[in-house]
There are 2 protein chains.
Amino acid sequence: MLLTYDQILEQLKEKGINLSYQRLKVLDFLYKNQIHPTVEQIYLGLVKQIPTLSKTTIYNTLKILINAGLVREIPFKGRESCYDINLDPHGHFCCDSCNQIYDFQIDVNLIKSKDLEDFKIRDRDVYFKGVCSRCLSKI
Amino acid sequence: MLLTYDQILEQLKEKGINLSYQRLKVLDFLYKNQIHPTVEQIYLGLVKQIPTLSKTTIYNTLKILINAGLVREIPFKGRESCYDINLDPHGHFCCDSCNQIYDFQIDVNLIKSKDLEDFKIRDRDVYFKGVCSRCLSKI
DNA sequence: TAATATATTTGTAATCATTACAAAGTTAAA
DNA sequence: TTTAACTTTGTAATGATTACAAATATATTA
Ligand SMILES: [Mn+2]
Ligand SMILES: [Mn+2]
Ligand SMILES: [Zn+2]
Ligand SMILES: [Zn+2]
């Protein structure tokens, strides 16, 4: 379910979302830098190209993309939210030491609980914390 | 692994954490109101008994209890953090409509991913969002 | 084309939960 | 009692995010 760039554009058209220059660049950045960037990182990555760029525009664009279901927010506590264009079901690990966010394969749709039988589930987020292998090997 | 009150007191003793009057009251509140209260709720629940109580004390106490591994923070995005003295592995569901937080049974320790083989995992959080059965039936 | 309406971007100000900090108060040790 | 260590309290600072309105760009209409 990792959409191609064209599939994303198609989805946006379907949902009637106008792709301005700024919005296109934010989308580009997310697509080409699948490292769960923060608003700050997106801003720094684009402001050379678009000197007038405002962070508010990035926030607005991300909100639009999130509401359209094309981007996912990863709000680890104690750090800026970061954003993920990869909609494949997977979990996120944040390293206490280097603060980096790692994807890990896990089908969150397989997590069932009969306590939620009559609930309508919209989002399933799995967040792990600890120390990554790289940081462990540095000790 | 839901500790009895005495087990909690024992753990605190072991870890050299002094139980002041205020800390005891916060602990009491968490133990008697296992509804994932916020700092605000804890404050409102205790300030009649302790008119001089400060929210800073509640934040401090919670930090101490969290570091001691006796309380878990539930930081759903877009709302105050709430706090859980139930350390049994379980997931949390937040209803879009009534904003209430529900527990659901799920053994998070069973969530394995070979991508994390060499990682040291300290915390496993499962957060679901959607609409609860009560709100669904109201429609 | 010009005039008008609509959509988007931008910069600044406001928000608000949380944290930092230091003074005041409490308890323990000498 | 004196001193030190700990705890609480109130206030100020923080910082990511949101609210807002002016400026700019784009689309529509006459
Ligand atoms: Mn990811
Ligand atoms: Mn719980
Ligand atoms: Zn690391
Ligand atoms: Zn509900």
Side-chain angles (χ1 to χ4, degrees), chain A residues 9 12-13 15-29 36-68 70-84 94 99 101 127, chain B residues 9 12-13 15-29 36-68 70-84 94 99 101 127:
Chain A
L9 296 184
L12 289 169
K13 205 165 200 176
K15 310 210 176 191
I17 295 167
N18 197 1
L19 254 203
S20 69
Y21 179 69
Q22 286 87 341
R23 289 177 188 172
L24 181 72
K25 288 299 180 184
V26 169
L27 198 59
D28 261 10
F29 190 90
H36 313 99
T38 63
V39 166
E40 177 77 11
Q41 286 175 309
I42 298 170
Y43 177 78
L44 293 175
L46 295 179
V47 74
K48 289 155 203 157
Q49 260 190 289
I50 318 168
T52 63
L53 184 63
S54 156
K55 277 189 191 172
T56 301
T57 298
I58 299 171
Y59 278 109
N60 289 343
T61 301
L62 289 170
K63 186 168 283 173
I64 287 169
L65 296 173
I66 289 165
N67 288 340
L70 291 167
V71 165
R72 164 173 286 255
E73 183 175 5
I74 317 285
F76 268 100
K77 172 86 193 184
R79 48 169 296 160
E80 285 173 76
S81 274
C82 48
Y83 299 88
D84 196 350
C94 183
N99 216 26
I101 288 176
Y127 299 131
Chain B
L9 296 183
L12 288 170
K13 205 166 202 175
K15 310 210 177 190
I17 295 167
N18 196 0
L19 253 204
S20 69
Y21 180 70
Q22 287 85 342
R23 288 177 189 171
L24 181 72
K25 288 298 180 183
V26 170
L27 198 59
D28 261 8
F29 190 90
H36 314 99
T38 63
V39 166
E40 178 76 11
Q41 287 174 309
I42 298 170
Y43 177 79
L44 293 175
L46 295 178
V47 75
K48 289 157 204 159
Q49 260 192 288
I50 318 169
T52 62
L53 184 64
S54 157
K55 277 188 193 173
T56 302
T57 299
I58 299 172
Y59 278 109
N60 289 343
T61 301
L62 289 169
K63 188 169 281 171
I64 287 168
L65 296 174
I66 289 165
N67 288 341
L70 292 168
V71 165
R72 165 174 286 256
E73 184 177 4
I74 317 285
F76 269 99
K77 172 87 194 185
R79 46 169 296 159
E80 286 173 75
S81 274
C82 46
Y83 300 88
D84 196 350
C94 183
N99 217 27
I101 288 175
Y127 300 130

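Letters A, B, ... are given to chains in the order of the sequence lines, protein chains preceding strands, and every chain is numbered from 1.
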>> Nearest to the side chain of Y59(A), heavy atoms from C-beta on, is which of dT18(D), dA17(C), dT9(C)?
In response: dT18(D)
> dT8(C) P sits how many Å from I64(A) CD1, rounded?
Replying inline: 7 Å
> When you check the phosphate oxygens OP1 and OP2 of dA17(C), does a side-chain N or O of K55(B) lie under 4.0 Å from one of them?
Replying inline: no
>> How many whole angstroms separate atom CD of E73(B) from atom P of dA17(C)?
In response: 14 Å
> Which comes earlier along DNA chain D counting from the 5' end, the contact point of E80(A) or that of P51(B), where each point is its nearest nucleotide?
Replying inline: P51(B)
>> I need the CG-C1' distance between N18(B) and dT27(C), as an integer number of Å.
In response: 9 Å
>> Could you tell me how far apart I17(B) (CD1) and dC6(D) (C1') are, to the nearest whole angstrom?
In response: 14 Å
> Which nucleotide sits closest to the side chain of R23(A): dA17(C), dT9(C), dT18(D)?
Replying inline: dT9(C)
> What are the two closest heavy atoms between I101(B) and F76(B), and how far apart are they?
Replying inline: CD1-CD1, 3.8 Å
>> Using whole Å, what does the distance between atom P of nucleotide dT8(D) and atom CG of L46(B) come to?
In response: 12 Å
> Is K13(B) atom NZ crowded by more than 12 heavy atoms from other residues, nucleotides or ligands, each under 6.0 Å away?
Replying inline: no
> On DNA chain C, nearest-nucleotide positions of S54(A) versus T56(B): which is more 5'?
Replying inline: S54(A)
> OH of Y21(B) versus P of dG25(C): gap in Å, rounded?
Replying inline: 19 Å
>> So, OP1 or OP2 of dT18(C): does either fall under 4.0 Å of a side-chain N or O from S81(B)?
In response: yes
> Could you state the NZ-C1' distance from K63(A) to dT9(C), rounded to the nearest angstrom?
Replying inline: 15 Å
>> Has K77(A) got a side-chain atom pairing as donor or acceptor with P75(B)'s backbone, closer than 3.5 angstrom?
In response: no
>> So does I66(B) get a backbone contact from the side chain of R72(B), meaning a donor-acceptor N/O pair under 3.5 Å?
In response: no
>> On the nucleotide dT10(C), are OP1 or OP2 found under 4.0 Å from the side-chain N or O atoms that Q22(A) carries?
In response: yes
> Whole-Å distance between dT7(D) P and L24(B) CG?
Replying inline: 14 Å
> Can you name the nearest heavy-atom pair linking Q22(A) to T57(A), along with the distance?
Replying inline: CB-CG2, 3.8 Å
